[in-house]
Protein chains: 2
Amino acid sequence: MIASEILKIHEIKKTPGRIAIINALQQNDQPLSETEIKSGMNEMYDRITFYRNIQTLTTAGIVHKIVIDNTIIKYELSCSGKEHTHHNEHAHFYCEECHSVTCLKQIKIPEFNLPEGFMYDDSDIIIKGTCKKCSHQITTKDLE
Amino acid sequence: MIASEILKIHEIKKTPGRIAIINALQQNDQPLSETEIKSGMNEMYDRITFYRNIQTLTTAGIVHKIVIDNTIIKYELSCSGKEHTHHNEHAHFYCEECHSVTCLKQIKIPEFNLPEGFMYDDSDIIIKGTCKKCSHQITTKDLE
DNA sequence: ATACAAATGAAACAATGTTGCAAATGTAGT
DNA sequence: ACTACATTTGCAACATTGTTTCATTTGTAT
């Protein structure tokens, strides 16, 4: 689905900044950082507008924000395809070697059995470790 | 176990700042923010020293850092009791009403089935919603 | 009591995010 | 296509959070 349609469905004004963010996220299957999104936007990038648009898109449920250890922040489209999903569905993997973030679509968010009185809204699962590429590099280095 | 013992076991120097942090965390069963830890330290509080000590204690596995949406940061003792545990064991609940963070010791971190090549180190589960106290307040307000 | 490495605290910096406000832009109605 | 109005933008200035450098102080083992 094209960026302008997504905005229309959510009744959010169609502006260049927002379209650029959605396009950048659609063109990648992995979550992107602010810098990565910025690099796709030729010159017409304003830090303040970016922050405001990310906030608008996030509260609308279009974009999901993934935060690792409060330094690394990545964005992804909420469930590419489905529109009105406001909820995170899968876990994310953070590589402590190369600092990349990978969607683990295989690992679904389970149903949590919350204690009496608690109401569920959303959840995040961050798994940390070494990603496939890096663990391969480490292993081969050992063999040298 | 007393603060100085914990530091000794981990072969970390016993300094007033570190002891103050551990004491503050031991006196509360819920995770504390920097401000909350600070308020327990009369005057002898230095921001830079705090950051450095939190980092030392975190990498030693004594303290665990819980980050919500990269604005709210809370600290807790890693599995009060067991010493050499470097890993998070239970999920945390973030209340979107009162912004409190609660340990959900009932909800253990499951075994994740990572894809081929990925190596596991640690993980965080953050569940967001409305806590017991706040959901009660909301419900009673509806009845008025 | 001494010696040495590690920790502290100050200043200065860096990165990240927010607010107020005038100008520009998007959208709905004609 | 034009107008009107609210929303969004972009700028300056600010606020918060975290880091680096370095001289001084402190903890610990001998």
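Reminder, nothing fancy here: chain letters follow the sequence lines and each chain counts from 1.
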Legend entry - Residue pair F93(B) / V101(B), side-chain heavy-atom distance below 4.5 Å: no

Legend entry - Along DNA chain D, first and last positions that approach a heavy atom of chain B under 4.0 Å: dT17(D) to dT28(D)

Inset, instruction - Establish whether L25(A) and I6(A) are linked, either directly or via other cluster members, by ILVMFWY side-chain heavy-atom contacts under 4.5 Å. - result: yes

Legend entry - R52(A) side chain, from C-beta outward: closest of dT27(C), dA5(C), dC21(C): dC21(C)

Inset, instruction - Report which part of the nucleic acid K14(A) touches: base, sugar-phosphate, or nothing (heavy-atom distance under 4.0 Å, all strands). - result: sugar-phosphate

Inset, instruction - Could you check how far CG of D46(A) sits from C1' of dA24(C), rounded to whole Å? - result: 13 Å

Inset, instruction - Could you check I48(A) against Q55(B) and say which one's nearest nucleotide on DNA chain D is further toward the 5' end? - result: I48(A)

Legend entry - Residue met sooner reading DNA chain C from 5', once Y45(B) and K13(B) are mapped to nucleotides: K13(B)

Legend entry - Q27(B) side chain vs A24(B) backbone, donor-acceptor pair below 3.5 Å: no

Inset, instruction - Using whole Å, report how far CG of N53(B) lies from P of dA6(C). - result: 15 Å

Legend entry - Parallel, tilted or perpendicular, as decided by the 30° and 60° cut-offs, for the rings of H99(B) and Y94(B): tilted

Inset, instruction - Determine the contact category for R18(B): base if any of its heavy atoms lies under 4.0 Å from a base atom, sugar-phosphate if only primed atoms, P, OP1 or OP2 are that close, otherwise nothing. - result: sugar-phosphate

Inset, instruction - Please report, rounded to the nearest Å, how far the P atom of dT25(C) is from the CD1 atom of I19(A). - result: 14 Å

Inset, instruction - For E5(A), check side chain to side chain contact (heavy atoms under 4.5 Å, CB included) against everything at least two apart and list the hits. - result: M1(A), I2(A)

Legend entry - Value in whole Å for how far the C1' atom of dT18(C) lies from CD1 of I54(A): 16 Å

Inset, instruction - Report the nucleotide, chosen from dG20(C), dA11(C), dT8(C), that has the shortest atom-to-atom distance to any side-chain atom of T15(B). - result: dT8(C)

Legend entry - Interatomic spacing from NE2 in H90(A) to NZ in K108(A) - rounded to 0.5 Å: 8.0 Å

Inset, instruction - Could I get the full list of side chain to side chain contact (heavy atoms under 4.5 Å, CB included) partners for S100(B), not counting sequence neighbours? - result: C95(B), C98(B), T102(B), C131(B)

Legend entry - Any donor-acceptor N/O pair under 3.5 Å between dG17(C) base and R47(A) side chain: yes

Inset, instruction - To the nearest Å, give me how far apart CD1 (I12(B)) and C1' (dA6(C)) are. - result: 12 Å

Inset, instruction - Quickly work out the N70(B) CG to dT16(C) P distance and round it to whole Å. - result: 10 Å

Legend entry - Integer-rounded Å distance: dG9(C) P and F50(B) CZ: 14 Å

Legend entry - For atom CD1 of I73(B) and atom C1' of dT16(C), their distance in whole Å: 12 Å

